[in-house]
There are 2 protein chains.
Amino acid sequence: MTDIRKIPPRRPMTLRDVSEASGVSEMTVSRVLRNRGDVSEATRDKVLQAAKELGYVPNKIAGALASSRVNLVAVIIPSLSNMVFPEVLSGITEVLDDTDLQPVVGVTNYLPEREERVLYEMLSWRPSGIIIAGIEHSEASRSMLRSADIPVVEIMDTDGEPVDAVVGISHRAAGRRMAEAIIKQGFEQIGFLGTQMPLDHRARKRFEGFTETLAKAGLEVLDQEFYSGGSALAKGREMTQAILERSPDIDFLYYSNDMIGAGGLLYCLEKGIEIPGRLGLAGFNGVELLQGLPRKLATMDTERRQIGRDAAGIVARRAKGEESEGGQRIVLEPKISWGDTLRRYKP
Amino acid sequence: MTDIRKIPPRRPMTLRDVSEASGVSEMTVSRVLRNRGDVSEATRDKVLQAAKELGYVPNKIAGALASSRVNLVAVIIPSLSNMVFPEVLSGITEVLDDTDLQPVVGVTNYLPEREERVLYEMLSWRPSGIIIAGIEHSEASRSMLRSADIPVVEIMDTDGEPVDAVVGISHRAAGRRMAEAIIKQGFEQIGFLGTQMPLDHRARKRFEGFTETLAKAGLEVLDQEFYSGGSALAKGREMTQAILERSPDIDFLYYSNDMIGAGGLLYCLEKGIEIPGRLGLAGFNGVELLQGLPRKLATMDTERRQIGRDAAGIVARRAKGEESEGGQRIVLEPKISWGDTLRRYKP
DNA sequence: ATGAAAGCGCTAACAA
DNA sequence: TTGTTAGCGCTTTCAT
């Protein structure tokens with residue numbers, strides 16, 4: 001055995017170190033470490049042994065440069081505090097775990113300029129694919145996405161022109177469908193509660209689909225409340241109180257997400273408001289949290305994990321060289337989860 | 001103007017392309033793009049112009065290899081679905097945003113083997129620093145951390161021997177302190193509800209500190225419930241029901257996290273159990289969600305954002321070459337948030 | 001089954 | 001202020 005000193009190295013090990021320690025050429029060491037090409041058992045063992053003893057960690061930077069292959073998949077999302085995105089991520093991870101691809105996450109805080117920066121930064125590492133939330137991007141971002149020449153999957157939203165592939169739901173249709181359900185249940189005095197986010201295109205589209213369908217039935221949104229920042233649950237309470245005091249005739253509240261919806265639900269239960277007889281409620285997303293509430297809030301499940309899985313699947317398959325050209329389009333159908341706050345008439 | 005074809009390139013641009021398009025040497029182009037060294041306004045403009053028209057995105061892989069500088073900070077956490085970690089991340093991002101460092105997130109799912117893999121994978125990209133949750137790691141992981149020769153900050157937990165720097169709280173002390181508070185309020189029949197996770201060392205340590213202090217007062221945990229998977233809120237309900245039915249004498253429930261605590265609280269309120277007169281409750285973490293509940297659950301704020309900020313600060317300063325040697329130790333003091341479910345006697 | 005040479009796209013160090 | 005020359009640590013390709 002070569003004399004291996006236990007002193008922690010000031011300079012990371014290189015292939016050459018392993019090569020010298022094992023008496024095998026760098027090239028063969030490289031082959032062993034990557035399980036490529038034929039190597040005899042004997043040399044293989046020698047190399048592995050030396051690598052282990054030295055605590056060798058390969059330098060992917062050098063490897064990537066030499067092979068122009070990078071096992072990274074850039075995932076760009078607006079936020080981590082909205083549980084929706086961790087769930088997408090978990091779907092992505094689930095699929096990528098079976099490949100040698102690795103997700104790298106960037107967060108934009110819903111800001112297009114930040115999206116540009118994050119995208120640029122990530123592209124400069126030459127990832128094997130990009131999964132990016134939303135279908136609305138700045139011209140600069142779209143241009144980067146187009147010329148990156150790697151699979152690009154835009155997720156969550158399918159209302160618009162994707163750069164390449166897209167996986168998600170139609171938020172406009174989601175808004176429409178919820179409006180239909182509400183109308184069918186005989187609600188007529190409808191309030192809307194949402195986030196104060198001009199840049200949340202998905203919420204905007206839902207709202208558009210929602211009002212559009214109401215309009216066709218001769219209805220409109222009576223009153224609205226918006227919030228930004230703070231505990232969504234608490235905000236849901238406050239907004240619900242505010243809107244009900246201002247517009248006491250309201251008989252339905254449509255929330256743009258489940259957290260504020262849950263807050264509203266808790267508030268109404270405390271106040272003894274009869275639900276859904278006197279007042280109907282619905283949220284959006286289908287978050288797990290709803291399972292633990294005193295009553296089940298109506299919502300629409302957006303299958304985030306599945307979106308993540310599908311998106312990762314597309315990237316993985318294309319990275320492997322399968323599937324000739326891009327442009328897949330997977331539109332999931334969100335289903336209304338009726339819960340206990342939307343159905344007035346027995347089905 | 002050079003003849004620039006609008007055809008999306010099959011091969012990413014290189015410095016050389018920009019050099020040729022602008023008639024400036026590669027070296028000078030490189031200088032312009034990195035704002036390094038003196039470059040005349042004229043050449044600078046030429047280069048920037050060409051780079052922009054070509055849609056040039058630098059290749060950080062090559063840059064990193066040449067300069068042996070990587071602006072990545074590896075952040076290794078057990079989970080993204082536990083809101084605690086996104087919050088830490090947001091503290092990290094907050095600080096790194098003012099530097100040129102970029103966080104890269106890896107998730108271990110609380111599995112030591114996965115931690116090893118993720119760590120190995122990340123180290124192979126030669127990051128400028130590592131922020132890793134927890135202070136308990138496999139021998140292989142510790143060994144990698146030690147020999148990486150970059151700043152390593154272990155976060156969340158300070159009970160143990162860190163490899164290098166550490167930022168967090170003492171979970172043992174947190175458990176002790178909560179036990180003291182409970183005892184002082186005159187509770188004596190105490191139940192504990194937690195996760196079925198032998199690998200959640202922090203929860204274990206809190207429990208140890210908790211029982212230790214109870215023991216000194218001649219008390220012990222009367223009954224316990226554990227869960228794994230599913231909606232924490234719903235589980236909190238179920239477990240609370242179960243433990244109260246089994247041990248009706250219990251007058252205090254200590255939950256190992258706020259989500260199950262919140263579920264328990266909702267359950268108790270529905271059942272009309274007098275809180276905290278008949279039954280006291282406390283959770284752990286201080287999550288935002290608690291703000292929206294009908295009553296404020298007692299908890300202990302663990303200042304996750306601050307932990308993230310401090311950890312990132314250490315990495316950033318050391319990456320800049322400040323601070324000679326490592327080993328910082330920042331122990332934050334978690335404070336009891338009394339809420340409405342712990343205090344029987346007016347203060 | 002193994003090795004030698006060339007070069008991936010950049011930047012450090014030096015020269016002009 | 002600008003350019004030239006060597007690599008950075010690997011992998012590709014081609015020999016042996």
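Chain letters run A, B, ... following the sequence lines, proteins first and then strands; every chain starts at 1.
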D:dT2 OP1/OP2 closer than 4.0 Å to side-chain N/O of B:S40: yes
N/O donor-acceptor pair under 3.5 Å between A:S67 side chain and A:G63 backbone: yes
Between P of D:dT11 and CG of A:N35, the distance in whole Å: 12 Å
Neighbours of DNA chain D within residues 25-34 of chain B, by heavy-atom distance under 4.0 Å: B:S25, B:M27, B:T28, B:R31
B:D17 CG to C:dC8 C1', straight-line distance once rounded to whole Å: 14 Å
Any B:R69 side-chain N or O less than 4.0 Å from OP1/OP2 of C:dA12: yes
Residue pair B:N109 / B:E115, side-chain donor-acceptor N/O under 3.5 Å: no
Partner of B:S128 by side chain to side chain contact (heavy atoms under 4.5 Å, CB included), out of B:V315, B:I150, B:L101: B:L101
What protein N or O atoms touch nucleotides 7-9 of chain D N or O atoms at under 3.5 angstrom, if any, and at what distances?
unit_1, atom_1, unit_2, atom_2, d
D:dC8, O2, B:L65, O, 3.4
D:dC8, O2, B:A66, N, 3.1
D:dG9, N2, A:A62, O, 3.2

Separation of C:dG3 P from A:R16 CZ (nearest whole Å): 14 Å
A:S143 side chain to A:E139 backbone, donor-acceptor under 3.5 Å: no
Partners passing side-chain hydrogen bond (donor to acceptor under 3.5 Å, both in side chains) against B:T43 (at least two apart in sequence or in another chain): B:S40
Rounded distance (Å) that lies between atom C1' of C:dA1 and atom CZ of A:R36: 17 Å
Side-chain donor/acceptor of B:D97 to backbone N/O of B:E94, under 3.5 Å: no
Charged N-O contact under 4.0 Å between A:R16 and A:E20: yes
Under 3.5 Å donor-acceptor, A:D157 side chain and A:G134 backbone: no
